[in-house]
Amino acid sequence: MSFVTFDPAAPRDSDFAGPMRHPLGGDAANGMWLSDTEPTSVDAPKLRMERLAKLRAWMARAQYGGILLFDPYNQRYATGTRNMFGYFLRNSTRYFFIPAEGPIVLLDYPQSYHVSTCLETVDEARPSKLVWSSVSGRDEETAGPFAAEIADLMRLHGGGSKKIGLDRCSHLQALALQKQGLEVRDCQGEILAVRAVKTAEEIKCLQVSMAGAEAAVAAVRAAIRPGVSENELFAVMYGEVIRQGGEFIETRLLSSGQRTNPWFNEAGGRRVRPGELVALDTDMIGCFGYFSDFSRTFRCEPGRPTGYQRSLYRMAHDQIQHNIGIIKPGLTFREIAERAWKIPDRFVEQRYTSVMHGVGMHGETPFIAHAMDFATYGREGRLEPGMVVSVESYIGEKGGPEGVKLEEEVLVTETGGAVISRFPFEDELLGTEI
C-alpha cells in the first residue's frame, strides 16, 4: 500500500475524516446552500445516499471492482462534495476511488481535504498524486505512482475484480493502470445513464434551482432598455443567480438584435436598440449543483412588435408546445424525433441541434436529435419516468434580421410531461395581449 509520510506532530487526514469532526459537520448541505432561501424541503443526506446507492448498484451489475471519478460533476453526484469546481473542470488533480463496497477514498489537492471530509460519503482523504502534472505536463513522471496507489486500493477493496472504470484521465494514466494488471474501462457513458433517472430529492433540487433561474431572468427582462449592453444584461443575470444561491452559469448565451441570428452568439458589448429582440439561455448551476435550463426571448420597448417578430415567436412557441405534448414514458427517442414539430423549410438550416436533451447536474443524457439528424448523431433509447428534459426551439432563417430562442424544462411523469419552468411567455409577441 502506498501512503504519504506526514510529520508525526502534524494533524493527519484521518483526524478530519467523518461527518462530525469538522466545524461544518452539523450542516447537512456542507455549506453548499447557505442563504436565506435555503431549501429545507431537500433532505441532503438522503439525496447523497440515494445517488451513491444507484451508482453502486450499477457497479455491482456491471462487475466493476471500483471506479475513479475525475469529472467534478460525477464526483458531486457520487459524494455530494465540491471543491474549486472550475479549477478541477480544467485540471484532473482531484479524484475519488469508489469501490462497489467499502471505503470511499478522496485524493485531493493538498490542504483542502476539510472541504469534503465532513460528509458521510468520504471515508478517507489522501494527497493527490497528480497535483502538478495537470498544469506542468509531468504525466510521464506521475502516472506510475498514481497507478500503483490505485492498484493497491483495488487489491484491498475491489472484491477480487480487476475491472476499473474511469470517467476521464490522461491516456498515460490509463496505460499505467493497465501495466498494474487492471482492466481499464471508460465508464462516463454508463455513469450518465445511471444519472438520467432522478430521485425525488433530485427533482426537488431541480425545482429550487429553477426558481432561482426564473428570478434571474425576470431581473434581465426588467433591465432591458435602449442603450443597455448585452454584457450589462448578462451581469444582471449572473448577479441574480449568485444572489439566489446559485453557483455559476455554463455559457454566455445572451444576444440582441441581429446577433440573435444565428443562435449561439455569446454576450458582448453590443447595445440594445428600441424594438429589438433580446434572447437568452439560462444554463445555470443552482441548488446542490443542479442545472436550470430554459430560454426566453424579449423585445426592447418602446413600440410594438413587428409582424415578422410575432411570426418567429409564435412558431417557436408552437414548436415547444407540440414537443412537450408528445412526451410520454416508453416512447423511443427515434419516435420522438419522427413525431416532433415539423420545422418550416426556410428555418431548417438554422434549427437547434436537438429536439430535447436531458437535464440533471448539467445538460446530459438523453440527447434526442431531429429526425433529419438522427443517422448522424442520434442515439437509441426510451423516455422513462423521472427523466428531466429541456425542450428546445430556435426559429431564425438564414440571412434573417433576428431569431427567437425558447426552451422549457420538463419532468417525465408516469402519464406525460410536467413543466418545471414557470416563466411566462410574452403575450405581445404571441399576439394574445388584452
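Of the listed residues (Ile343, Ile336, Thr353, Val348), just one forms a side chain to side chain contact (heavy atoms under 4.5 Å, CB included) with His370, and that residue is Ile343.
Counted within 6.0 Å of CD on Glu349, heavy atoms from surrounding residues, nucleotides or ligands total 12 or fewer; the atom is thus considered open. Under a cut-off of 6.0 angstrom, the local environment of NZ in Lys54 is crowded, with over 12 non-hydrogen atoms contributed by other residues, nucleotides or ligands. The environment of CD in Glu266 is crowded: more than 12 heavy-atom neighbours from other residues, nucleotides or ligands sit within 6.0 Å. For CZ of Arg221, the number of neighbouring non-hydrogen atoms (other residues, nucleotides, ligands) closer than 6.0 Å is 12 at most. Within a 6.0 Å radius of CD in Gln111, no more than 12 heavy atoms belonging to other residues, nucleotides or ligands are found. For Gln63, the CD atom sits in a loose shell: 12 or fewer heavy atoms of surrounding residues, nucleotides or ligands are nearer than 6.0 Å.
Ile395 places none of its side-chain heavy atoms less than 4.5 Å from the side chain of Tyr313. The closest side-chain heavy-atom distance from Arg270 to Ser256 is below 4.5 Å. With contacts defined as side-chain heavy-atom distances shorter than 4.5 Å, the pair Val115/Thr81 does not qualify. In this structure, the side chains of Leu55 and Ile67 come closer than 4.5 Å at one or more pairs of heavy atoms. Side-chain contact between Phe264 and Leu253: present, with at least one pair of heavy atoms (C-beta onward) separated by less than 4.5 Å. Residues Leu47 and Tyr290 form a side-chain contact, since some pair of their non-hydrogen atoms from C-beta on lies under 4.5 Å apart. Counting heavy atoms from C-beta outward, Thr260 and Thr297 have side chains that stay 4.5 Å or more apart. Two residues are said to be in side-chain contact when any heavy atoms from C-beta on lie closer than 4.5 Å; Val391 and Val419 fail this criterion.
For Phe425, the ring pair (Phe, Tyr, Trp, His ring centres under 6.0 Å) partners are His317, not counting sequence neighbours. Checked against side-chain contact (heavy atoms from CB on, under 4.5 Å), Lys46 has the following partners two or more places apart in sequence or in another chain: Asp43, Glu50, Glu201. Qualifying side-chain hydrogen bond (donor to acceptor under 3.5 Å, both in side chains) partners for Ser421, counting only residues two or more places apart in sequence or in other chains: Glu408.
Between Glu214 and Arg422, no side-chain nitrogen of the basic residue sits less than 4.0 Å from a carboxylate oxygen of the acidic one, so the salt-bridge criterion is not met. Using a 4.0 Å cut-off between charged side-chain N and carboxylate O, Glu183 and Arg185 make a salt bridge. Remark: Arg56 does not engage Glu101 in a salt bridge, criterion side-chain N to carboxylate O under 4.0 Å. A salt bridge is defined here as a Lys NZ or Arg NE, NH1 or NH2 lying under 4.0 Å from an Asp or Glu carboxylate O, and Arg82 with Glu247 meets this definition.
Side-chain rings of Tyr95 and Phe146 approach one another, their centers coming within less than 6.0 Å. Ring centroid separation for the pair Phe333 and Phe374 does not come in under the 6.0 Å cut-off. The aromatic ring centroids of His362 and Phe291 lie 6.0 Å or more from each other.
Looking only at distances, no side-chain donor or acceptor of Asn261 sits under 3.5 Å from a matching main-chain atom of Gly396. Panel note: side chain Ser116, backbone Tyr113; no donor-acceptor pair is recorded below 3.5 Å. A donor-acceptor pair is defined here as one N or O able to donate and one able to accept, closer than 3.5 Å; no such pair exists between the side chain of Arg346 and the backbone of Glu397. Counting only distance, with no hydrogens or angles, the side chain of Asn323 and the backbone of Ala340 share no donor-acceptor pair below 3.5 Å. Distance alone, capped at 3.5 Å, places no donor-acceptor pair between the Lys129 side chain and the Ala148 backbone. Within the 3.5 Å criterion, the main-chain N or O of Ala267 finds a donor-acceptor partner in the side chain of Arg252. Side chain of Gln180 to backbone of Ala147: no donor-acceptor contact under 3.5 angstrom is found.
Of the inter-residue distances, the one linking Leu106 atom CG with Glu124 atom CD reads 9.5 Å to the nearest 0.5 angstrom. With values rounded to the nearest 0.5 angstrom, Arg76 atom CZ is found 6.0 Å from Phe85 atom CZ. Atom-to-atom distance recorded for Arg94:CZ and Tyr87:OH is 13.0 Å, nearest 0.5 angstrom. Note that CD of Glu364 is 10.0 Å distant from CE of Met387, once rounded to the nearest 0.5 Å. With rounding to the nearest 0.5 angstrom, the CD1 atom of Ile150 is 5.5 Å from the CG atom of Leu107. Here the straight-line distance linking atom CD of Gln75 with atom CD1 of Ile98 works out to 8.5 Å at 0.5 Å rounding.
If you check the side chains of Asp108 and Ser128, you find no donor sitting under 3.5 Å from an acceptor. Judged purely by distance below 3.5 Å, without hydrogens or angles, the side chains of Thr251 and Asp283 pair a donor atom with an acceptor atom.
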Open item on the list: Working note: Met356 + Ser390, criterion side-chain contact (heavy atoms from CB on, under 4.5 Å); need CA distance, chi angles, decisive distance, verdict.
Closed with: CA-CA 5 Å; Met356 58 186 74; Ser390 280; over 6 Å; no

Open item on the list: Between Glu407 and Tyr394, is the side-chain hydrogen bond (donor to acceptor under 3.5 Å, both in side chains) condition met? List the steps.
Closed with: CA-CA 9 Å; Glu407 180 183 16; Tyr394 174 75; over 6 Å; no

TODO: Show the numbers, then the answer: is there a side-chain hydrogen bond (donor to acceptor under 3.5 Å, both in side chains) between Lys405 and Ser295?
DONE: CA-CA 6 Å; Lys405 177 71 168 66; Ser295 300; 2.9 Å; yes

- [ ] Test side-chain hydrogen bond (donor to acceptor under 3.5 Å, both in side chains) on Ser229 and Glu232 and set out the steps.
- [x] CA-CA 5 Å; Ser229 73; Glu232 288 175 300; 3.3 Å; yes

Open item on the list: side-chain contact (heavy atoms from CB on, under 4.5 Å) for Ile164 and Tyr64? Distances and angles first, verdict last.
Closed with: CA-CA 6 Å; Ile164 186 167; Tyr64 279 100; 5.7 Å; no

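Annotation: cation-pi geometry satisfied between Arg51 and Tyr77 (NZ/CZ under 6.0 angstrom from ring centroid, within 45° of ring axis).
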